[in-house]
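Throughout, numbering of the chain's residues begins at 1 and tracks the sequence.
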Amino acid sequence: QVQLVESGGGLVQPGGSLRLSCAASGSIFSRNAMGWYRQAPGKQRELVASITSGGSTNYADSVKGRFTISRDNAKNTVYLQMDSLKPEDTAVYYCNVPSYSGSYYANRRKDYWGQGTQVTVSS
């Protein structure tokens with residue numbers, strides 16, 4: 001019953017900005033932490049940002065000070081504002097329940113991966 005749909009990716013120049021959105025169906029958002037992941041060619045998927053149901057955030061060292069995660073439970077949507085983009089940020093970006101949430105949804109997160117949205121940073 002859970003579906004996660006990412007959007008907002010595209011081609012931007014170094015130093016540019018992009019805002020990603022993750023829209024959810026089902027009842028996953030309101031009481032669960034959510035996270036943004038990315039996977040570049042030849043590399044493992046990594047968690048870049050997460051936000052708890054109470055609004056506390058965490059970021060990977062590689063994106064601290066440049067990315068901001070936020071959520072709007074009324075709209076069933078999680079956002080990732082990306083500023084000062086670098087070529088190293090090029091990847092497919094996904095949203096999902098972080099593994100640390102320890103919830104019903106966390107145990108089924110392998111079933112929730114969507115298509116992701118491509119972000120390419122290039123001059």
Side-chain angles (χ1 to χ4, degrees):
Q1 292 292 324
V2 174
Q3 180 175 300
L4 302 172
V5 181
E6 301 91 347
S7 63
L11 174 64
V12 297
Q13 293 185 324
S17 296
L18 212 55
R19 192 189 194 205
L20 307 183
S21 298
C22 171
S25 62
S27 57
I28 195 171
F29 267 12
S30 296
R31 297 184 178 181
N32 278 277
M34 293 297 296
W36 281 98
Y37 297 77
R38 68 185 181 188
Q39 187 167 29
K43 301 188 68 176
Q44 291 187 326
R45 185 158 50 201
E46 63 173 337
L47 179 66
V48 298
S50 63
I51 183 168
T52 69
S53 60
S56 297
T57 59
N58 276 296
Y59 300 92
D61 289 341
S62 59
V63 306
K64 284 182 179 178
R66 300 189 298 118
F67 290 11
T68 304
I69 187 172
S70 61
R71 65 192 299 159
D72 187 339
N73 290 338
K75 297 181 179 179
N76 297 316
T77 303
V78 175
Y79 304 96
L80 186 67
Q81 177 67 44
M82 305 186 294
D83 299 318
S84 302
L85 283 162
K86 304 175 180 180
E88 307 94 272
D89 297 318
T90 296
V92 178
Y93 285 71
Y94 304 86
C95 62
N96 209 337
V97 181
S99 60
Y100 65 73
S101 65
S103 70
Y104 168 89
Y105 297 104
N107 288 328
R108 295 160 179 79
R109 62 196 299 274
K110 65 181 183 297
D111 299 324
Y112 302 155
W113 297 109
Q115 293 295 109
T117 185
Q118 176 71 51
V119 172
T120 302
V121 184
S122 177
S123 60

Exercise. Fit a plane to each ring of Tyr94 and Trp113, take the angle between them on a 0 to 90° scale, and name the class: parallel (under 30°), tilted (30 to 60°) or perpendicular (over 60°).
Key: perpendicular
Same cluster or not: [X] versus [Y], using hydrophobic residues (I, L, V, M, F, W, Y) connected whenever any side-chain heavy atoms lie under 4.5 Å apart?
| X | Y | answer |
| --- | --- | --- |
| Val119 | Val92 | no |
| Tyr79 | Tyr93 | no |
| Val48 | Val12 | yes |
| Tyr37 | Met82 | no |

Is it the case that the side chain of [X] and the backbone of [Y] share a donor-acceptor pair, with hydrogens and angles ignored and the cut-off at 3.5 Å?
| X | Y | result |
| --- | --- | --- |
| Thr90 | Val121 | yes |
| Ser25 | Gln3 | yes |
| Ser103 | Ser101 | no |
| Asn107 | Tyr104 | no |
| Tyr59 | Ile69 | yes |
| Glu6 | Cys95 | yes |

Shortest non-hydrogen contact between [X] and [Y], atoms and distance:
| X | Y | value |
| --- | --- | --- |
| Ser21 | Trp36 | O-CH2, 3.5 Å |
| Ala60 | Leu47 | CB-O, 3.7 Å |
| Pro98 | Ser50 | CG-CB, 4.1 Å |
| Pro14 | Ser123 | CD-N, 3.7 Å |

Does the side chain of [Y] come within less than 4.5 Å of [X]'s, by heavy atoms?
| X | Y | result |
| --- | --- | --- |
| Ser70 | Gln81 | no |
| Leu80 | Arg38 | no |
| Leu85 | Phe67 | yes |
| Leu4 | Met34 | yes |
| Thr52 | Tyr100 | yes |

Self-check item: Spacing of Lys64 atom NZ and Asn58 atom CG [to the nearest 0.5 Å]
Solution: 7.5 Å
Quiz item: Atom CG in Asn32, atom OG in Ser53: separation rounded to 0.5 Å?
Solution: 7.5 Å
Practice problem: Flag yes if more than 12 heavy atoms outside Arg31 fall under 6.0 Å of its CZ atom; otherwise flag no. | Solution: no
Practice problem: Mark yes when over 12 heavy atoms from residues, nucleotides or ligands other than Glu46 sit less than 6.0 Å from its CD; otherwise mark no. | Solution: yes
Quiz item: With a 4.0 Å cut-off, would you call Asp89 and Lys86 a salt bridge?
Solution: no
